[in-house]
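Shown next, in structure tokens, is the structure this report addresses.
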Amino acid sequence: MFLWNNNVRLKMVPKGDYYLLLLIWNCIFNIGILIQGTDVKGFDDTVLFKINWPGRSGNELLDTSDAEPLVVTTENNERYKCLLPHFQEKEKDSIDTYNGPNPLELLAPLFTQSSCSYRLESYWTYELCHGRYVRQYHEEREGKKMKLQEYYLGKWNKTQFAKLNDELSRQEHDKDLKASDDVPMKKIDGLNMPYLQVNMSDGTLCDLNGKPRLTKVLYVCYSHGKHDIFSLKETSTCEYEVIVLSPLLCKHPRYKPQESGENIINCHPVEGSPKKPKNLIAMEAESLKLRHQKITVRITANVTKYLMLVPTQLL
């Protein structure tokens with residue numbers, strides 16, 4: 001994913017720093033480069049890099065930081081010294097040294113307090129009472145009475161809690177299972193997030209397939225969450241998925257979200273080169289022009305639609 005503004009921003013992580021700049025210049029600027037060094041390795045897309053163009057301040061070439069210098073040349077013979085941060089994969093919290101509660105036990109207070117979370121939509125209201133049930137309902141007043149339409153999308157009980165708790169406890173104490181690091185992950189807003197899945201079953205019978213409704217509740221660590229329903233969707237006929245953001249899971253090292261901090265790459269002009277490559281400036285100008293054109297078209301369409309709705313005698 002590429003986001004354009006005064007700086008170039010890209011979501012790309014190298015295992016080899018030189019390969020990163022090769023991709024930047026070839027994919028973004030579509031210009032040729034000469035690179036000092038040829039450390040080409042694999043790459044993935046789990047960390048953000050951001051390119052800054054701070055210009056020449058007079059002492060940047062004497063930079064004594066631990067950044068890796070890399071000189072690149074564009075097809076217009078513009079030369080830049082880019083300082084690449086040393087990307088070091090952060091060590092994972094040692095699972096072997098964690099002796100705290102399993103993830104379900106961390107969520108237990110939420111289940112025992114009879115806590116419920118809600119999601120309001122245009123017609124339906126969704127009620128998730130943690131550890132008990134998921135309900136879909138609509139209330140409508142008819143005279144002095146309230147008409148209630150409701151469906152249970154899944155239920156959970158103490159037996160299911162005990163079964164899942166035993167399974168997770170075995171995993172916590174089994175070294176082989178610990179080492180496998182098989183916590184499921186789901187991409188949420190572009191980030192890979194580990195989650196704990198609670199299957200709520202035996203809901204109201206579905207008219208379409210004759211089976212009880214079923215909901216998978218995915219609990220995700222979010223330190224600022226309040227057990228909110230992040231999303232709720234029907235994944236297949238009468239089967240649902242709910243994502244809940246809870247700070248309780250963040251106490252477990254295996255359920256912490258992956259780091260996604262930006263790594264800054266500063267590119268300074270050398271030998272009289274402009275602050276930014278000419279091709280990049282032209283690309284930004286073209287992008288700004290296209291955005292302006294889209295806004296103009298949208299405004300024109302809205303005005304036209306309004307005029308068509310207004311009676312002729314009022315014009």
Side-chain angles (χ1 to χ4, degrees), residues 1-90 187-192 258-301:
M1 176 177 68
F2 300 97
L3 303 177
W4 298 94
N5 49 35
N6 290 333
N7 296 310
V8 179
R9 189 174 185 162
L10 65 154
K11 185 179 180 184
M12 185 175 294
V13 176
K15 301 293 185 183
D17 292 335
Y18 298 109
Y19 195 35
L20 170 69
L21 262 293
L22 176 64
L23 289 170
I24 292 172
W25 256 259
N26 278 340
C27 297
I28 300 179
F29 305 120
N30 193 26
I31 52 182
I33 64 171
L34 299 174
I35 297 182
Q36 297 177 350
T38 56
D39 182 12
V40 178
K41 300 179 183 178
F43 64 93
D44 58 42
D45 63 350
T46 57
V47 179
L48 295 173
F49 277 79
K50 181 178 180 181
I51 306 176
N52 284 339
W53 307 91
R56 185 182 179 89
S57 62
N59 61 352
E60 70 279 352
L61 297 182
L62 299 177
D63 196 323
T64 58
S65 68
D66 62 354
E68 184 78 17
L70 182 66
V71 177
V72 296
T73 304
T74 74
E75 66 177 6
N76 295 320
N77 291 320
E78 301 155 321
R79 289 171 60 82
Y80 296 87
K81 179 183 178 182
C82 296
L83 303 176
L84 281 65
H86 284 292
F87 175 73
Q88 296 179 348
E89 294 187 10
K90 297 184 178 181
K187 185 156 284 189
I188 303 174
D189 277 358
L191 299 177
N192 288 323
Q258 295 182 348
E259 295 291 338
S260 60
E262 288 183 337
N263 292 269
I264 304 299
I265 300 175
N266 288 319
C267 290
H268 301 279
V270 295
E271 299 178 1
S273 297
K275 183 177 179 179
K276 281 186 181 181
K278 293 179 180 178
N279 286 3
L280 175 58
I281 294 174
M283 185 181 296
E284 290 176 337
E286 182 65 22
S287 177
L288 183 62
K289 179 181 177 181
L290 290 174
R291 285 201 298 270
H292 176 73
Q293 289 175 347
K294 288 181 180 179
I295 293 173
T296 302
V297 170
R298 191 178 300 118
I299 292 174
T300 302

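Remember, predicted model here, so these are calculated numbers, not experimental data.
Within the 4.5 Å cutoff, the side chain of Pro277 has no heavy atoms near those of the Asn76 side chain. Annotation: side chain of Asn77 is not in contact with side chain of Glu271 (no heavy-atom distance under 4.5 Å).
With rounding to the nearest 0.5 Å, the separation of CG in Asn52 from CG in Asn266 is 5.0 Å. Rounded to the nearest 0.5 angstrom, Glu284 CD and Leu288 CG are separated by 9.5 Å.
Between Pro269 and Pro274, the shortest heavy-atom contact is CB-O, 3.3 Å.
Only one option out of Thr74, Ile51, Val270 pairs with Tyr80 in a side-chain contact (heavy atoms from CB on, under 4.5 Å); it is Thr74.
Partners of Lys275 under the side-chain contact (heavy atoms from CB on, under 4.5 Å) rule, at least two apart in sequence or in another chain, do not exist in this structure. Qualifying side-chain contact (heavy atoms from CB on, under 4.5 Å) partners for Lys289, counting only residues two or more places apart in sequence or in other chains: Glu286, Gln293.
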